[in-house]
Participant: 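Quick one: the structure is below, questions incoming.
No experiment lies behind these values; they were computed from the predicted model shown. Only this structure's heavy atoms are used, side chains among them; waters, hydrogens and symmetry mates stay out. In what follows, every chain begins at residue 1, and chains take the letters A, B, ... in the order their sequences are listed.
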Number of protein chains: 2
Amino acid sequence: MHKNLKNHNSSCLDCNNINCIINSNLIKGNHLKLIENKKILKCKKGQQFIMEGALVNGLFIIMEGKAKVFRTGINGREQIVRFAKEGEIIGHRGFGTEEYYPIGAIALEDTLLCSFTKEHLQEALLNNAKLSYDMMLFYANELNRSENKVKTISQMTVRERVIDTLLYINRKFGTTDGFLNLTLSRKEYADYAGTTEEQVIRTFSSLKKEGLINTRARHISIFDVDALKAEISQHNFFLDS
Amino acid sequence: MHKNLKNHNSSCLDCNNINCIINSNLIKGNHLKLIENKKILKCKKGQQFIMEGALVNGLFIIMEGKAKVFRTGINGREQIVRFAKEGEIIGHRGFGTEEYYPIGAIALEDTLLCSFTKEHLQEALLNNAKLSYDMMLFYANELNRSENKVKTISQMTVRERVIDTLLYINRKFGTTDGFLNLTLSRKEYADYAGTTEEQVIRTFSSLKKEGLINTRARHISIFDVDALKAEISQHNFFLDS
DNA sequence: AAAAAAAACTGCGAAAAGGCAGTTTTTGAG
DNA sequence: CTCAAAAACTGCCTTTTCGCAGTTTTTTTT
């Protein structure tokens with residue numbers, strides 16, 4: 001997984017992560033401070049790299065790997081708000097005037113992160129309208145997704161939310177040999193879908209009996225994507241997410 | 001309510017709406033196209049000025065009045081995602097490449113709106129890093145609020161969500177003579193809290209019996225803000241919203 | 001001011017979701 | 001490969017939430 005680590009120059013100039021918002025907005029000779037002060041972080045699977053409530057020091061971009069972003073609620077119950085992959089930004093408001101991270105983040109597999117300090121980032125943003133504009137679009141898109149999720153959790157049944165989650169993982173991470181490329185525990189499915197582990201297990205059982213999915217321990221394959229989509233389609237008047 | 005309409009020059013230069021993100025980023029002699037092409041819209045109470053799924057033509061800023069922003073789900077059930085007041089932006093992604101509005105918006109009282117086309121806005125954003133930066137901060141803040149709302153709806157009981165809604169309205173719109181400055185129907189409370197009209201009514205009844213609030217038809221006053229805050233405090237580890 | 005319409009309210013039974021406790025399967029460490 | 005710990009699973013009962021149906025109050029219209 002980390003075989004490429006040594007090839008990754010700590011500078012962005014040689015980085016081939018085309019989805020990175022910073023990388024695609026680099027102007028020759030500009031933002032040297034930002035790039036020079038970038039740090040690369042290596043996280044093992046399960047390692048938490050943003051602590052909820054900790055002092056903000058900057059913003060992360062995933063160079064390689066996957067992570068979950070969450071908030072902790074009552075009785076330590078986790079609400080996963082997003083899964084992130086290569087090129088994506090993590091660390092809301094790791095800039096501006098905010099003091100503390102409102103979210104936590106944990107690597108779901110061995111992961112490489114680029115870390116930028118908020119001071120250098122802020123300077124770059126205020127000097128590069130295109131970069132600010134792209135960041136704005138990123139947040140506007142995330143807001144759209146999140147507001148849709150509010151509706152989803154509020155209006156769908158548990159079964160529908162579990163299906164919605166399966167389709168989201170399928171869409172975002174894809175499959176290999178029919179199996180979803182991101183393996184999660186039942187508890188993590190529950191934490192994203194806003195329900196309990198038992199309900200996810202029960203729903204998976206039903207879907208399996210109905211021939212819509214297959215589960216081999218933690219590896220899940222979806223047999224009939226269209227049937228699942230159809231089951232929740234009545235909720236999605238105007239949607240991408 | 002509209003007595004000031006005639007005093008509002010259609011230009012931003014004389015506008016005294018200090019909370020307006022456009023107004024506070026005007027640079028002398030710049031963004032003339034944006035300002036000159038601004039349109040002012042007059043909405044009566046109850047009037048819908050953004051249709052869900054309609055073609056995007058731009059973005060609105062409230063000059064005067066209040067509005068609700070919502071998404072329609074199954075069986076036409078509304079999920080209110082936000083209430084907006086003077087100076088606030090409405091019309092997510094009324095710029096960029098999006099084609100359709102993912103949200104609807106309705107005026108909650110007689111309201112004046114400033115409307116900017118997406119072309120002129122985009123031009124201004126790409127030429128003014130500070131404006132883009134401020135817009136980015138707005139969306140990042142809204143994202144924070146929205147992701148917190150996901151957790152709230154997912155983890156709180158109905159009673160707690162209703163209390164959370166009351167406190168949100170109190171915080172955002174304040175009170176006059178003890179009564180909340182925004183009057184909503186029970187159905188609208190339910191649509192924001194993610195429950196049904198009946199449950200809101202039942203909760204209001206209980207809170208009234210317990211001496212925590214008072215209701216005079218649609219006018220609501222909160223007697224004991226601290227007690228309400230205390231009841232939901234265990235959910236809010238790290239929070240503002 | 002009266003009538004009509006809309007909103008608020010209440011009780012009750014039904015459905016959905018949750019939570020516990022015990023069993024089986026899978027995973028990961030040595 | 002073995003064993004211990006973690007995760008997955010199932011049944012059963014409890015709690016929460018929902019939704020209907022009928023009544024009362026408030027608001028709006030004429």
Participant: Where the side chain of B:Ala217 is defined as all heavy atoms beyond and including C-beta, which of D:dT26, D:dA8, C:dA8 is the nearest nucleotide?
Facilitator: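 Nearest to the side chain of B:Ala217 among the choices is D:dT26.
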Participant: Reckon B:Arg218 has a side-chain N or O less than 4.0 Å from the OP1 or OP2 of D:dT26?
Facilitator: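 No, no such contact exists.
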Participant: Ignoring the backbone of A:Ser185, work out which of D:dC18, D:dA8, C:dA8 is nearest its side chain.
Facilitator: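 Shortest atom-to-atom distance from the side chain points to D:dA8.
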Participant: To the nearest Å, give me how far apart CZ (B:Arg202) and C1' (C:dC9) are.
Facilitator: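 Nearest whole value for this atom pair: 9 Å.
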Participant: Expressed as a whole number of angstroms, how long is the span from A:Lys208:NZ to D:dC9:P?
Facilitator: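 Going from NZ in A:Lys208 over to P in D:dC9 covers 6 Å.
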Participant: List the residues meeting side chain to side chain contact (heavy atoms under 4.5 Å, CB included) with A:Ser221, not counting sequence neighbours, and say none if there are none.
Facilitator: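 So A:Ser221 forms a side chain to side chain contact (heavy atoms under 4.5 Å, CB included) with A:Phe179, A:Asn214, A:Phe223.
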Participant: So if I take every side-chain heavy atom of B:Ser205 and compare against C:dT10, C:dA7, C:dG18, which nucleotide ends up nearest?
Facilitator: C:dT10
Participant: What integer distance in Å separates B:Ile220:CD1 from C:dC9:P?
Facilitator: 9 Å
Participant: Please work out which of the three classes, parallel, tilted or perpendicular, describes the rings of A:Phe83 and A:Phe173, given edges at 30° and 60°.
Facilitator: perpendicular
Participant: Applying the Watson-Crick and G-U wobble criteria at under 3.5 Å, what pairs with C:dG30? Answer none if nothing qualifies.
Facilitator: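 Matched C:dG30 with D:dC1 under the 3.5 Å cut-off.
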Participant: Any side-chain N or O of B:Gln199 under 4.0 Å from OP1/OP2 of D:dT17?
Facilitator: no
Participant: Would A:Tyr189 and A:Phe204 count as a close aromatic pair, with their ring centres under 6.0 Å?
Facilitator: yes
Participant: Checking A:Ser233 side chain against A:Glu231 main chain: does a donor-acceptor pair fall under 3.5 Å?
Facilitator: no
Participant: For the ring pair A:Phe116 and A:Phe60, is the centre-to-centre distance below 6.0 Å?
Facilitator: no
Participant: What's the CD-P distance between B:Glu197 and C:dC9, to the nearest Å?
Facilitator: 9 Å
Participant: DNA chain D: B:Lys45 or B:Arg77, which has the more 5' nearest nucleotide?
Facilitator: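 Closest to the 5' end, via its nearest nucleotide, is B:Arg77.
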Participant: Measure the distance from CD1 on A:Ile201 to P on D:dA7 and round it to the nearest whole Å.
Facilitator: 11 Å
Participant: Would you kindly compare A:Leu184 and A:Ser154 by the position of their nearest DNA chain D nucleotide and give the one closer to the 5′ end?
Facilitator: A:Leu184
Participant: What is the distance, to the nearest angstrom, from the CD atom on A:Glu198 to the P atom on D:dA7?
Facilitator: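 To the nearest whole Å, that distance equals 14 Å.
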Participant: Could you tell me whether the phosphate oxygens of C:dG18, OP1 or OP2, come under 4.0 Å of any side-chain nitrogen or oxygen in A:Thr195?
Facilitator: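 Affirmative; the distance criterion is met.
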Participant: Find the distance B:Arg186:CZ to D:dT25:C1' and express it as a whole number of Å.
Facilitator: 11 Å
Participant: May I have the distance from A:Glu188 (atom CD) to D:dA6 (atom P), rounded to whole angstrom?
Facilitator: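 In whole Å, D:dA6 P lies 15 Å from A:Glu188 CD.
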